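Have a look at the structure below before the remarks.
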Amino acid sequence: VISSSSSQKCLIMLDDIDRMFSLSNDINGKSSSHSDAGSSAQFYIGRRCKALFVTILDALREHRPSAEDNGHLLLLCTSRSRCVEVVDRFDCTFRRGQLEENQRRQLITSCLSMSNAEDVCDRVDDDDDGCGNVKALLSLIVHHSAGRSAFELSQCCREVILSCVKSSISLNEEKSSSTIFLRRLQCLDKMLQTKSPQSLRGGSLDGIVDMRVYTPEELQSKLTIDTSGAVEFPLLGSGAKRAHEALMNVVITPLCRSDEIRSLLYGGSGSDQCFVDVKPIRVGALLAGAPGVGKTSLAYHCASLAAKMARVSLLDVSCTSLIHKEIGGSERAVQRLFAAVRAAAPCMLLLDGIENVAPRRDNDNTSEGTMDRVLSTFLTEMDGIESDGGGASGNVAVIGVTHNPDLIDPSLLRPGRLEKTINLGAPDFNARKEIIAGEIKDVVMDFTSSGYFDAKNKDDVSNFVATESAGMSAVEAIAICREASMECLRELNFEATRKPVLTYEHFKSAIKIMKGKNNG
């Protein structure tokens, strides 16, 4: 390379050099101390490649051109992470962070071939095509695309243009530029709701953390709408409603109305200029309750409402998958998880079993103090430390789920982290009765052989089971009905020719079995 560049100009570009260095540090997120022969071979190959690359860089810098040399050599490298080993060997380092709001607005308008979008917005009527003002729709898309990269936004815009062109050709439509721009914005808004952020695709966290990603469209499909058009609440009982109101006030409302919150906290009229150098809104709550009371169902319902209001994605993480047996693997998993979460903002992070990564200090039974280090890493990430790429990320809400809040370190429950503990108790008598009534509504029952003190109808059965299941969760109440069905089938020896019919005695037997399981 040096000899060829002595008489001509030469440009060398190396893309993702951090992949080469990662071979000498870890392999697929795991430690290099493996007994597997293939992993050891990759480790030593990575070390040799890294040493050779550093040697070549030093040779390029120490090379002294002669008087006959009139060429130039430019080495350009890209990396997704900061390579500490070689960053000092380059003359200049540029860091590209996430796009700011104005940059996203300019990118969307330019990619949609509407550089004069401001003039178009002024000419669009509020009621055109049943949609609101173009400015409002454009601001909504820009605000809720905070975690999208420039490549992802430009790719979505190109797909929108192609789909709109095909539809207009098939329909032979000729519309004004303002109407075309409005339709493209509507298609872009729908596309961003159906696609998960790029940082969560491509298996970037495979083998590191068990995570399920739900797009805004998937979350909205989970909502159940009644005949009057209102959203049905999935849980029953006054305690569940109080927990839902607390979760909406503490987490969902600040996440969906972040502009108003920033205006109240920092002043200003709510314009973009007023929020320069202001940290994004980060809220958190701890949802506690016994197993089976509906903690996850409540969190999913609130996430669906947030997706309907503010195009928010949901990241459901099992905290047990963050614990790795390799030294440093758990801390690295926590860091990579929160880096992906910040890049996917605005979003909600649901941490199921959070006591596994945030146990109380001084109760670590591991010889290396792994859990204390994991807790320190987790607290640092919860404080919203920006990634190496820089740039302000969007709003993030964190909901922790646990069955016992006493197992969690108190430092995680202070304001700024999981500042509110919301307790979700077992359903009351009326809730259990309504749950059981819904389970046996379509079940065939026989009351002809009922005694004087036995139940005479389904309402009596619901009262009896609700009374006997005091202190049980909703899942256990449903399990009683299923156990009664199994008792009926056992009496028939599971014969398909005879039609099963439930009786009051089947529910009495089921309650005895469930109480025996709980006491045993």
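Remember, it's a predicted structure, so these values are computed and weren't measured experimentally. One-based numbering along the sequence shown.
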Exam field: side chain Ser321 to backbone Val209, donor-acceptor pair closer than 3.5 Å: no

Is the number of heavy atoms from other residues, nucleotides or ligands within 6.0 Å of CZ (Arg257) greater than 12? no

CG of Leu349 to CG of Leu315, rounded to nearest 0.5 Å, is 6.0 Å

So does Asp316 get a backbone contact from the side chain of Arg212, meaning a donor-acceptor N/O pair under 3.5 Å? no

Is any side-chain heavy atom of Asp352 less than 4.5 Å from a side-chain heavy atom of Val317? no

Side-chain heavy-atom pair Leu185, Leu112 within 4.5 angstrom cut-off: yes

Could you give me the CA-CA distance, side-chain angles and deciding distance for Glu326 and Arg332, then say whether salt bridge (charged side-chain N to carboxylate O under 4.0 Å, His left out) is met? CA-CA 10 Å; Glu326 300 86 5; Arg332 185 162 51 247; over 6 Å; no

What I'd like to find out is whether the side chain of Cys157 reaches to under 4.5 Å of the side chain of Leu188, using heavy atoms alone. yes

Quick check for you: to the nearest 0.5 Å, what is the distance between Leu255 atom CG and Met248 atom CE? 10.5 Å

Hey, does Phe378 have a side-chain heavy atom less than 4.5 Å from the side chain of Glu331? no

Do Val357 and Thr377 have side chains that get closer than 4.5 Å, going by heavy atoms? no

What verdict does the side chain to side chain contact (heavy atoms under 4.5 Å, CB included) test give for Ile252 and Met309, after you've listed the backbone C-alpha separation in whole Å, the side-chain angles of each residue and the deciding distance to 0.1 Å? CA-CA 9 Å; Ile252 306 304; Met309 293 186 291; 3.6 Å; yes

Side-chain donor/acceptor of Glu218 to backbone N/O of Thr215, under 3.5 Å: yes

Quick one: side chain to side chain donor-acceptor pair (under 3.5 Å) partners of Ser313, sequence neighbours excluded? none

State, yes or no, whether a side-chain contact exists between Cys77 and Phe53 at a heavy-atom distance under 4.5 Å. yes

Cationic N near anionic O, under 4.0 Å, Arg242 to Asp428: no

Nearest heavy-atom pair of Leu298 and Ala243: which atoms, and what distance? CD2-CB, 3.9 Å

Arg360 side chain to Asp406 backbone, donor-acceptor under 3.5 Å: yes

Examine distances only and state if a side-chain atom of Glu159 and a backbone atom of Cys156 form a donor-acceptor pair shorter than 3.5 Å. no

Side chain to side chain, Leu314 and Val213, heavy atoms closer than 4.5 Å: no

When you check the gap from the basic side-chain N to the acidic O, do Glu217 and Lys190 get nearer than 4.0 Å? no

Quick one: SG on Cys256 to CG on Leu305, what's the gap to the nearest 0.5 Å? 8.5 Å

Atom CD1 in Ile399, atom OH in Tyr300: separation rounded to 0.5 Å? 11.0 Å

Donor-acceptor check, side chain of Asn249 to backbone of Ala246, threshold 3.5 angstrom: yes or no? no

Quick one, Ile436 with Ile478, criterion side chain to side chain contact (heavy atoms under 4.5 Å, CB included). Give me CA distance, side-chain angles, the key distance, then yes/no. CA-CA 7 Å; Ile436 296 165; Ile478 296 174; over 6 Å; no

What distance do Met211 atom CE and Leu350 atom CG have between them, rounded to the nearest 0.5 Å? 12.0 Å

Can you check whether Leu223's main-chain N or O pairs, donor with acceptor, with Ser304's side chain at less than 3.5 Å? no

Between Ser376 (side chain only) and Asp372 (backbone N and O only), is there a donor and an acceptor less than 3.5 Å apart? yes

Report, as yes or no, whether the 6.0 Å neighbourhood of atom CD on Gln335 holds more than 12 heavy atoms from other residues, nucleotides or ligands. yes

Pairing donors with acceptors under 3.5 angstrom, does anything connect the side chains of Thr78 and Asp15? yes

Ser411: side chain to side chain donor-acceptor pair (under 3.5 Å) partners, not counting sequence neighbours: Arg361, Asp409

Do Arg311 and Asp189 sit within salt-bridge range, that is, some charged N less than 4.0 Å from a carboxylate O? yes

Checking Lys420 side chain against Ala285 main chain: does a donor-acceptor pair fall under 3.5 Å? no

Which is it for Glu355 and His403 under the side chain to side chain contact (heavy atoms under 4.5 Å, CB included) test, yes or no, and what are the steps along the way? CA-CA 9 Å; Glu355 68 275 0; His403 68 280; 3.5 Å; yes

Please report the shortest heavy-atom distance between Leu247 and Ala299, naming the atom on each side. CD2-CA, 4.5 Å

Straight-line distance of Met382 CE to Leu379 CG, nearest 0.5 Å: 8.0 Å

Could you check whether any side-chain heavy atom of Leu235 comes within less than 4.5 Å of a side-chain heavy atom of His244, counting everything from C-beta outward? no

Minimum heavy-atom distance Gly328-Arg373, with the two atoms named: N-NH2, 4.3 Å

Passes side chain to side chain contact (heavy atoms under 4.5 Å, CB included), Leu14 versus Leu76? Steps please. CA-CA 6 Å; Leu14 301 178; Leu76 180 62; over 6 Å; no

Atom of Val312, atom of Ala306 and distance for their closest heavy-atom approach: CG2-O, 3.8 Å

